[in-house]
Structure formats: structure tokens, C-alpha cells
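What follows is a single structure, written as C-alpha cells, with notes after it.
Predicted, not measured: the structure shown is a model, and the values here were computed from it. Residue numbers start from 1 in every chain, and the chains themselves are labelled A, B, ... in the order their sequence lines are given, proteins ahead of strands.
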Amino acid sequence: MSKGLPKRSEDYSLWYNELVKRADLAENSPVRGCMVIKPYGYAIWEKMQQELDRMFKETGHSNAYFPLFIPKSYLSKEAAHVEGFAKECAVVTHYRLKNDENGGGIIVDPEAKLEEELIVRPTSETVIWSTYKNWIQSYRDLPLLINQWANVVRWEMRTRLFLRTAEFLWQEGHTAHASKTEAVEETVRMLDVYAEFAETFMALPVIKGVKTENERFAGAEDTYCIEALMQDGKALQAGTSHFLGQNFAKAFDVKFQSKEGGLEYVWGTSWGVSTRLMGALIMAHSDDNGLVLPPNLAPNKVVVVPIYRSDEEKEQINEVTKEMISKLRKAGISVKYDDRDTHKPGWKFAEYELKGVPVRIAIGPKDLENGTVEVARRDTLEKSVIPLNEEFTTTISQLLEDMQANIYKKAHDFRAGMITKVESYEEFKSVLDKKGGFVLAHWDGTPETEEKVKDETKATIRCIPLDGEEEAGKCMVTGKPSKQRVIFARAY
RNA sequence: CGGGAUGUAGCGCAGUCCGGUAGCGCAUCUGGUUUGGGACCAGAGGGUCCCAGGUUCGAAUCCUGGUAUCCCGACCA
């Protein structure tokens, strides 16, 4: 393996691809567009899962599991939904293989054709709503708050590790409610959960907003989203929450008897985040030395590297280190002790930098003598020698908190500098090309104008921000009146 | 599905124009010296040169066909 990583400033996407591979997060699989998530990458995903799962449970949701295969007929029940997903579905047509009589190896047995073809889920609304029909009869069965952790398949033309793969892991929440108000509240509540997760754990500032008609989920009335900004100035949709209205209830005939005795269709929501968050995490914080992980999502918050010449020295260090590590662990800090003697300390330093471990503690003979350790923080690459005393654990704890805050602040400041208000289409184009980032502009609210901007500049409306101020203005393209600025950006 | 490129050791590549014993760096293994920022020396192992066919005394190299992957576009979380 060669040493340096490509520089972000020279080739951002090469830097990203190499980082994902070199930091042992994921690699390409034999199947085009699919990826193998390696143990270290999966460990980060597991941290994300843990926190999100906790937040879902705290907001009253339960996990369940629905099948991978969906009968073809289900998908077509909701018109907009099938329209949106038809072009990227993998289809199961047969259920058996056999040996080729002509010696051509193993072939699909033409005798074993399925009566009804099965779709590999691109998302689970259809199978879930067909099930909900049986689960819901009365207002007493509502709200129904279900989440599932699953894989889904969308046959994408062009793929990139984590950002867009043919198969990806995600969670999808699917809820049913007695009233529109409740369903909208749920949609927004889960959007808030995502935003809080992104900011608190991923140290990723996000903008909450509503998608335009063009960008809306197939089958939804409204799609809410959190949008994040990557270091190259491109936007990334980090999570979505959909208000489904009664669309799926009608398509799958899911009705309930209300308190008043009437028969009504239920109101639905669905919401999801995927392994794409891994891509967001990487692209938001990492640098030319490798991954930078916010402590709250790092599989190991601290790595300890002993430095020694003799076995005797190693023993002495082990003794001191053991106690230090046990104290750190008691304080809830995950620590990895790397005492392998197959690699030199310098090699380990570089390795853990590449892998983004927040804090590295090196301890050698000099430290033994002085009662100190060397502490290096990954976000700023600063090193300091500090005493291994009573306050040590608290110091490290505090350092990790500072780092979490610092990583967030850095991303936040970067984004602040990349939000630009523009008044004309000319200015818009120039900002997009010279600077990138989020561009705030007035828009006349029509899909045609959005389409035109997309064709001409490759920028799309990322969202209509929820906390945007009312501000009368004129559409930068058509000059028609607009009530509020929307966020344009080139996006992943 | 259009345009471009590339398939040679686990990884990254040279060799292909101009046919003649398959090479380099990293990684791996052995021995020794090392260990506070990716150590050094000595030695060793590892190849259907993407596949099939053709030309030739002889093909990684030339010809024909196939195939796979990557990049750039049209679609998407």
C-alpha cells in the first residue's frame, strides 16, 4: 500500500474513494454496484443504528420485519409509487437452477418460472400497507408506529461506495394515524429526530426543509428532508420523512372505524436514513490524512500505543496502561490497546490517523519516568504531554466533548461561509461555478422553472427551508412573485 | 443506453508501438538489527499476462470476436 492519500483539493472524489478503501470502511463486491461493508465501517454503522434505534424507541416506535420480496402486483397499486420505482427494480422470475444438459454449467431451470414475479423491495410501503390492512380496524389500533432495519435494492446506473449503491442498508419507519394532523406531526417529529441525530452524533449541521414536487418521494403528499453540505460544496440529502396522506391507505384499502362510528381511511407517514449517512460523515469532516470521526460515533474513542525497547519495558508500560485503560472504560470511554509488536509505533500512528480514532495516547519510557502520557487529538492533530494523575480520565472525557463540539463547529462555520443569497440568475450561475454551496434564491414555485434551472446549471432545489423567513421577492428566472427563498445546490 | 479508458502476482503499475526466458514498488514469509511519526539489511515464495479463436518456428505483445471493470453523460436516497 502506498502512503499518502490523494489531496481533497486535487481530486475530491478520488480522495473519497481511496479514503473509504484505505480506512477499511468498505470495498467493491463482485456484483456491480454492490459493496462489502468491512468490520470497521460496519462498526460505525452499528453506532449510528444504536443511537437512532434508541431515539425511535423513545418516540414510541417498535421494530418489526417485513419480507424482502414483494409480489409484482402490489407495487402497481399506488400509481405515483410504481411510476417512481419501476425503472430500478430487480425482479425474481425463477426459483430453481439446474445443470445444463449441453455442458454449459449451471442454468436457470425454465420449468421453474414463478406464477407471479417478485420484486426485490426498493422500499417497503406496499408490502407494509397490505399488512396494515389486517392490523387496523378501529381507532383503538392507532397510531401504529413501526420501524424496520433492512436492506433494499435500487438498480442504479452509477454507483459510489456508501453514497449510492445498488443494495443498501437503512431503516424505514412506517406509521398509520387517525388524523391528518397527527400524521403531519409524526412526519415532522421524525425529521427532528434525524436532525438531532445528525447534529449531536454526526456533528453534522443540517437544514430542515420541504422538497419541491420534482424531488418528492413517489407516493407522498409532502417530503421533508435534512440537507447537509459536503466539503466540496455539494449538497447531500441525509434523511427524508414523508407525509403520505391517505394515498397508501386508499391503494391498499386500509380503513378504521372512528370514535364517531364512521369508516375512514388512515393517514400515513414513512421515513428513512441509510448507509448513505456514512458517506455524509466521511465527506463532512475528514481531511487529507484520513478519516475524522466525531467521538460520539467512533467505535474506539481512544487508542493506546505503547512504546518500548525491551520486553521488560513493555511489561512496565503494560502495568501502568492497564490501570489507565480500566479507569477510562469505567468512565464509559471505549479504548483500544494496540500492543502488537508486529508494527512499529510510527506505523500505528499513521494507521489510526487514517482511521479517524479521535484520541491517541502514546506511552513510553520517558512517560514512565515522568508520570505522563502523550495525547494527540485527531481533529486538530495537536499533541500534548499530560500527567497521568487523578484528573486524567476527566481530562480525556472533557477532551472528547471538546472535540465533538469542535468538529461540529468547524462544519457549521464552513457551511455558514457557503450559504449565499443571490438576486439574479446571472449571479446564481456565477456563485454555483465559482463557489458552490447552498444558494438562496427566489423561485416562482413551478416545476418548469426548477427543471429549466436544473438543465442549465445541474443545480436542484434541495429544499424550501422550514425556518426560512418570509420575504417577498421575484423569481430569479421568470421574475414572477415569490414569498420565500429556496435553497439551490448541486447535489450528490 | 451513448462517448472514453483499462484488464499483467494480494494491491498499485511498467512491458504492448517494434513478437524472442514475465518485471518493478508495496504487501507476504524466513533470519538478524531496530521501536517517541509509515524502520533497515540479507534471502524467499507467489502469474491460466481477462476469455475464445486466428497469424507465427515462437504471442502479454499482431488480428477477429466476446467479456468485465472504471470514468464522463441521461435516471436516483
Tabulate below the donor-acceptor pairs under 3.5 Å that side-chain atoms of residues 83-90 of chain A make, not counting sequence neighbours, or state none.
none

Open item on the list: Measuring only the C1' atom in each nucleotide, how far is B:G53 from B:C41? A whole number of Å is fine.
Closed with: 50 Å
TODO: Map A:Lys454 and A:Lys366 onto RNA chain B by nearest heavy atom, then report which one ends up closer to the 5' terminus.
DONE: A:Lys366
Open item on the list: Can you check the distance between B:U16 and B:U61, where both ends of the measurement are the C1' atom (answer in whole Å)?
Closed with: 4 Å
Task: Pairwise P distance, B:A22 and B:A9 [rounded to whole Å] - done: 15 Å
Task: Side-chain donor/acceptor contact of A:Lys383 with base of B:G37 under 3.5 Å - done: yes
- [ ] Please list, chain by chain and in numerical order, all residues satisfying side chain to side chain donor-acceptor pair (under 3.5 Å) with A:Gln171, sequence neighbours excluded.
- [x] A:Asn147, A:Tyr194
Task: Whole-Å P distance, B:C49 and B:U8 - done: 11 Å
TODO: Assess A:Lys211 against A:Tyr224: is NZ or CZ under 6.0 Å from the centre of the six-membered ring, and within 45 degrees of the ring's axis?
DONE: no
Task: A:Tyr16 side chain vs A:Arg160 backbone, donor-acceptor pair below 3.5 Å - done: no
- [ ] Map A:Gln237 and A:Ser13 onto RNA chain B by nearest heavy atom, then report which one ends up closer to the 5' terminus.
- [x] A:Ser13
TODO: Specify the residues of residues 274-312 of chain A, ordered by number, for which at least one heavy atom lies under 4.0 angstrom from an atom of RNA chain B.
DONE: A:Ser274, A:Arg276, A:Ile307, A:Tyr308, A:Arg309
Could you list all N or O pairs between the protein and nucleotides 69-71 of chain B that sit under 3.5 Å apart?
| from | atom 1 | to | atom 2 | distance (Å) |
| --- | --- | --- | --- | --- |
| B:C70 | OP2 | A:Arg32 | NH1 | 3.1 |

Task: Salt-bridge present (A:Lys366, A:Glu369; N to O < 4.0 Å) - done: no
Open item on the list: With a 3.5 Å limit on both atom pairs, tell me what B:A59 is paired to, counting Watson-Crick and G-U wobble, or say none.
Closed with: none
- [ ] Report yes if a side-chain nitrogen or oxygen of A:Lys87 is closer than 4.0 Å to either non-bridging phosphate oxygen (OP1 or OP2) of B:A74; otherwise report no.
- [x] no
- [ ] Just jot down the salt bridge (Lys or Arg N to Asp or Glu O under 4.0 Å) partners of A:Asp11, sequence neighbours excluded, or say none.
- [x] none
Open item on the list: Does B:G36 have its OP1 or OP2 closer than 4.0 Å to a side-chain nitrogen or oxygen of A:Lys344?
Closed with: yes
Open item on the list: Surrounding NZ of A:Lys72 (heavy atoms of other residues, nucleotides or ligands, distance under 6.0 Å), is the total greater than 12?
Closed with: no
Open item on the list: Using the P atom as the point on both nucleotides, what is the distance between B:A60 and B:G23, in whole Å?
Closed with: 13 Å
Task: Complement of B:U67, any strand, by Watson-Crick or G-U distances under 3.5 angstrom - done: B:G7
Quiz: residues 449-465 of chain A side-chain donor-acceptor pairs under 3.5 angstrom, not counting sequence neighbours:
| from | atom 1 | to | atom 2 | distance (Å) |
| --- | --- | --- | --- | --- |
| A:Thr449 | OG1 | A:Asp444 | OD1 | 3.1 |
| A:Thr449 | OG1 | A:Asp444 | OD2 | 2.8 |
| A:Thr449 | OG1 | A:Thr446 | OG1 | 2.8 |
| A:Glu450 | OE1 | A:Thr212 | OG1 | 2.8 |
| A:Glu450 | OE1 | A:Asn214 | ND2 | 3.1 |
| A:Glu450 | OE2 | A:Thr212 | OG1 | 3.1 |
| A:Lys452 | NZ | A:Glu456 | OE2 | 3.1 |
| A:Glu456 | OE1 | A:Tyr425 | OH | 2.7 |
| A:Thr457 | OG1 | A:Val453 | O | 2.6 |
| A:Thr457 | OG1 | A:Ala459 | N | 3.1 |
| A:Thr460 | OG1 | A:Arg462 | NH1 | 2.7 |
| A:Arg462 | NE | A:Glu227 | OE1 | 3.2 |

Task: C1' atoms of B:G58 and B:G20, separation to the nearest Å - done: 7 Å
